[in-house]
Amino acid sequence: MKIRAFQSSDINQMVSLFYETVHAVNARDYTTEQLNAWAPKEEMDAKLKRWNDSFGRNIAYIAEIQREIVGFGDMTHKGYLDRLFTHKDFQGQGIATALMNRLESEAKLIGIKEIETEASITAKAFFEQRGYQIIEPQTVELKGITLVNFNMCKRLGFE
C-alpha cells in the first residue's frame, strides 16, 4: 500500500468510492433512506467540484494498492478530520489506520494539538481504538432525514 498526497485527478475515483462504501459498509448501521440522504447518487456530479476544492485546501492523503485508490482521508489546517473512507472491498486491511497515522503525524508537525471529527455509528469503534473520545452523540438532518453520529476528539501528545 502506498500513501500519497491528493491530486485533482483522483476525485472521480474518490467520489465513487465514497458512494459505494457508504451504501455497502454503513448499511449495517443506517437505513436505506438514511444512506440515500447521506450519499445521494443524483449529487455525485456536484460533489466532484465541491470535493476537489475542499481536498485541495485541506491536508489530504490517498491510499493506493496497485494504482487503485482504496482509501482517502483529509483534515483542515485547524484539525477537523473531514473525511476518512476505505473502499468497501478493502475493509479491515489497515488502510484507515495508515491514513490516520499519516494525518495525525502531519497534524503534530504543524502544531495541531487536537483532532476533532464527526464519526458515523460504523466508524465510532475505530476512532475509540485510536484514543478518540466522544464529546457528544448528535443527530444531524440531511434532506429531512435524521442520522445519528458522534462528535469525537483526540488530544495529540507532543513528545
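On a predicted model such as this, the values are computed, not experimentally measured, just so you know. Below, each value reflects all heavy atoms present in this structure, side chains not excepted, and no hydrogens, waters or symmetry copies. One-based numbering along the sequence shown.
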(message) I'd like to know if Arg57 and Asp74 make a salt bridge, using a cut-off of under 4.0 Å between side-chain N and carboxylate O.
(response) no
(message) Tell me whether Lys154 is salt-bridged to Glu104, with the criterion being a basic N under 4.0 Å from an acidic carboxylate O.
(response) yes
Evaluate the side-chain proximity of [Y] to [X]: yes if any heavy-atom separation is below 4.5 Å, no if none is.
X      : Y      : value
Glu116 : Lys78  : no
Asn36  : Lys143 : no
Asn26  : Gln34  : no

(request) Determine whether the side chains of Asn58 and Thr76 contain a donor N or O and an acceptor N or O closer than 3.5 Å. (result) no
(request) Indicate whether any N or O donor in one side chain lies under 3.5 Å from an N or O acceptor in the other, for Thr122 and Asp29. (result) yes
(request) Kindly indicate whether a cation-pi arrangement holds for Arg83 with Phe55, taking the cut-offs as under 6.0 Å to the six-membered ring centre and within 45° of the axis. (result) yes
(request) Would you confirm whether Glu43, through its side chain, and Ala39, through its main-chain N or O, come within 3.5 Å as a donor-acceptor pair? (result) no
(request) Assert yes or no for the condition that the ring centre distance of Phe85 to Phe72 is strictly below 6.0 Å. (result) yes
Can you measure from [atom1] ([X]) to [atom2] ([Y]) and round to the nearest 0.5 angstrom?
X      : Y      : atom1 : atom2 : answer
Ile62  : Ile69  : CD1   : CD1   : 5.0 Å
Ile112 : Glu114 : CD1   : CD    : 11.0 Å
Glu106 : Met75  : CD    : CE    : 6.0 Å
Cys153 : Leu81  : SG    : CG    : 12.0 Å
Leu35  : Leu142 : CG    : CG    : 11.0 Å

Do you know the tightest heavy-atom contact between [X] and [Y]?
X      : Y     : value
Leu103 : Gly73 : CD1-C, 3.9 Å
Pro40  : Ala37 : CD-O, 3.5 Å
Gly71  : Ile95 : CA-CG2, 4.1 Å

